[in-house]
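What follows is a single structure, written as structure tokens, with notes after it.
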Amino acid sequence: MENLLKSENNDSSVSGFSAVDPLYGFIPRKMKTQGVVKLIEGDVSLFTNKSHTPQYKKILKTRKSLPVYAQMEQFYKMYDENQIIIMVGETGSGKTTQIPQFVCYSDLPHVSGKLVACTQPRRVAAMSVAKRVADEMDVTLGKQVGYSIRFEDMTEPGTTFLKYMTDGMLLREAMYDPDLKRYSTIILDEAHERTLATDILMGLLKTLAKRRSDLKLIIMSATLDALKFQKYFSLIPGESAPLFKVPGRTHPVEVFYTVEPEPDYVEAAMRAVLMIHRAEDPGDILLFLTGQEEIEDACRKIKLEADDLVKHNPGSVGPLVCVPLYSSLPPQQQQRIFDPAPPARAGGPPGRKVVISTNIAETSLTIDGIVYVIDPGFSKQNVYNPRIRVESLLVSPISKASAMQRAGRAGRTRPGKCFRLYTEKDFMTELDEQTHPEILRSNMANTVLELAKLGVKDLVHFDFVDAPAPETLMRALELLSYLGALGEDGNITPLGAKMAEFPLDPQLAKMLIVSPEFSCSNEILTIVSMLSVPNIWIRPNYLLKQADAAKNSMTIPDGDHLTLMNVYNIYQRNKFDKNWAYMNYLSGRSLQQAENVRVQLERMMERQEIKLVSMTDEWKLSQGIRKSLICGFFMQIAHREGENDSYVTVKDDQIVSLYPSCGLNKRPEWVVFNEFVLTTRPYIRTVTQIQPEWLLELAQEYYNLSEFKNAEYTTALKRAQAKLGKRSLEIERNHNDQGGGSTSTNKGKGSKKSKKL
DNA sequence: GAGCACTGC
């Protein structure tokens, strides 16, 4: 966000352009193709006034061989005549690198003073494409061409005119400048992936295009979705937005199906690997499975079988190496996917590499040299159930689009083969065309708050490409009004506006904002940071005891939130040493990330003048921390009821168990939890003990007991209320008015409003 | 007594 503030005074005169410039006279959006070609092929850069290097000329040759380059004239014609265009270009078309450059030669950002933005769903993509394009344009990365991702702003205000960025980053910018005035053209790349951020951006930009006739939009997507986007972005009712199509350049992939459905896809996949290894030409294999355990298991078994094969028929098959790939794997081990296949034994057949991967290899990571893809047709997908407010991971059949993407991974370097472990009939009739977009599968609390901050409060009439379920929106509105982020009128409150500034879930943002009132914002900042990163605990199968012992030594028995804080503090005392983390069975990567998040959030607190305070009295501090927790998570409370130490969630009445890794040394009657997960059973994860009186004090509206149904926890809460009433009378008598944080929390005024939806 | 598809701010 700093970059936003700095870039406000984006002055075209500092970009090296002046009236005596030999190129003076070019007018934005009036460029002719021949003129552009001349400039690109000329000796002097239009954008830097410097001579092109030999390197530039060399890269230009490759650029000119890209399919998209041959269609420059056609592109400019469509671009000149339309405000919005949809573009499809398959892998290898060069669209991501070339189209933004074409746009720059038309928009002349160094003349207009405006920027061209190109969004990507992933950070690595934004970084690597920006680097490539900077090379192609003969400029230093971070000068004329840069990128902007969380924690890293590689742009120079006033100089950068072509900016690659994550879609989430552009969404953030829109919160501060809803008209996105700094941009002349916005390109949404990989729109077919339908990330939450891309979907929201599409809605905002469609509306914005009507307000800003000078803003151009290019939506780049895979072929299958083009028609949907064409209709959505139509400016004239009944008509479609124009489509610009570029052929891709990949090798053909032959697809095979099984004759009969496979009852056990893991077993079938392993057979397929060995079949390929025995019978097919050299070339590496990529096998898609659904998760870490399945992958590690398959790796072990395939290794055994392959060794067996070699033992019995030495000389007939080459060596086989299995490489697992999933996101929580340490980067160093992820790198192994790029190792070459094992060499042949003397005189024997060549070796082969098998990468067994989650969906990460479908879009995020590209492995060269893959010739065979095995696709069992499943992946794990996150599904949100608004009724019980729970997200869960389910193994589900993939979509046709996903199956095609997987097959394509076999044809990147030469013609390949894809073995689908399902029948052709099932492919045709059982698979959905597209993967359900994220917006239909997610908790929307965060997004609804962002939209409110952007001035969108009428969600029912917001022009979504695909509208989320009304119940999901209702849940989000309900939460936000109880948190005090939305007022009775549905408008964002000052508190809500503050919350929206933080890149956090609303509950976490709320708890951070109120924490100074409990004199523990320093601690809450740490806890919030730790809660925003992936699991920090590492538990290798062969070192379970050691890992658990290390964890126990850091555990605070009052609650997992406090333990997380403790771990961070020890990490800090050990000078943020990765080696210390490793020795203590902690994920260095996650801790480093928590450190980054903490720095970012601390800066944001400073800007919002939220004080960083702490207390020395340990008991008081622990109470303050837990009270802050409740201000954000009063809707995530469970009460111990019945046998087997099980708990019941308040109001939702779900029977849940403490997650096995929970560090509480006893079973407290009341707990606040961070997460409700549904795996083999319903669990609550990251749990801390609390007092019921705090609920009544800090979340009065939500804990209006007269509206509670008769339940064990209702009785217990009423008991607490009676105790509290007696105590408050005593307090009144003593004229003691040091009540604390209850004034800060919202009384949930807006809750009635949200129920109307 | 058990799990973490994948992104992003």
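Letters go in sequence order (proteins before strands), and every chain restarts at 1.
- Nucleotide dT7(B) holds its P atom 14 Å from the CZ atom of Arg441(A), rounded to whole Å.
- Nearest nucleotide to the Tyr659(A) side chain, out of dC6(B), dC9(B), dG3(B): dG3(B).
- When the C1' atom of dG8(B) is taken as reference, atom CE of Met165(A) falls 13 Å away, rounded to whole Å.
- When the P atom of dC6(B) is taken as reference, atom CD of Gln405(A) falls 16 Å away, rounded to whole Å.
- Across the protein-nucleic acid pair, Arg685(A) atom CZ and dG3(B) atom P stand 10 Å apart, rounded to whole Å.
- Between the P atom of dC4(B) and the CD1 atom of Ile536(A) lies a distance of 17 Å, rounded to the nearest Å.
- The interatomic distance linking Glu293(A) (CD) with dA2(B) (C1') rounds to 9 Å, in whole Å.
- For dA2(B), the base has no donor-acceptor partner in the side chain of Arg681(A) [N/O atoms by modelled type, under 3.5 angstrom].
- Between Glu501(A) and Lys453(A), at least one side-chain N (NZ, or NE/NH1/NH2) sits under 4.0 Å from a carboxylate O, which counts as a salt bridge.
- Shortest non-hydrogen contact noted between Ser379(A) and Asn359(A) is CB-ND2, 3.6 Å.
- Of all nucleotides listed (dT7(B), dC4(B), dC9(B)), dC4(B) comes nearest to the side chain of Lys380(A).
- Here dC9(B) is the nucleotide among dC9(B), dA2(B), dA5(B) with the atom lying nearest to any side-chain atom of Ile149(A).
- Between Arg123(A) and dC9(B) there is a side-chain N or O to OP1 or OP2 distance below 4.0 Å.
- Salt bridge annotation for Glu173(A)-Lys163(A): present, with a cationic side-chain nitrogen under 4.0 angstrom from a carboxylate oxygen.
- Taking the six-membered ring for Trp and the full ring otherwise, the centers of Phe378(A) and Tyr265(A) sit less than 6.0 Å from each other.
- Each of dC9(B), dG3(B), dG1(B) was ranked by its minimum atom distance to the side chain of Pro660(A); first place goes to dG1(B).
- Taking the side chain of Gln292(A) as heavy atoms from C-beta on, and the options dC4(B), dT7(B), dC9(B), the nearest nucleotide is dC4(B).
- Note on Thr195(A): every side-chain N or O is 4.0 Å or more away from OP1 and OP2 of dT7(B).
- The nucleotide whose nearest atom lies closest to any side-chain atom of Ile360(A) is, among dA2(B), dG8(B), dC6(B), dC6(B).
- What separates OH of Tyr326(A) from C1' of dT7(B) is a distance of 19 Å, to the nearest Å.
- The nearest heavy atom of DNA chain B to Leu393(A) and to Leu504(A) marks one nucleotide each, and the one closer to the 5' end goes with Leu393(A).
- In this structure, the nucleotide among dA5(B), dT7(B), dC9(B) sitting nearest to the side chain of Arg172(A) is dC9(B).
- No donor-acceptor contact under 3.5 Å links the side chain of Arg122(A) to the base of dG8(B).
- Heavy atoms of Asn382(A) sit under 4.0 angstrom from at least one base atom.
- Ion pair Arg300(A)/Glu296(A) not flagged as a salt bridge, since none of the NZ, NE, NH1 or NH2 atoms sits closer than 4.0 Å to an Asp/Glu carboxylate oxygen.
- Within the structure, every side-chain polar atom (N or O) of Thr166(A) is placed at least 4.0 Å from both OP1 and OP2 of dG8(B).
- Here the P atom of nucleotide dC6(B) and the CZ atom of Arg589(A) are 10 Å apart, to the nearest Å.
- In this structure, the nucleotide among dC9(B), dC6(B), dG3(B) sitting nearest to the side chain of Asn535(A) is dG3(B).
- Under the side chain to side chain donor-acceptor pair (under 3.5 Å) criterion, Gln608(A) pairs with no residue, sequence neighbours left out.
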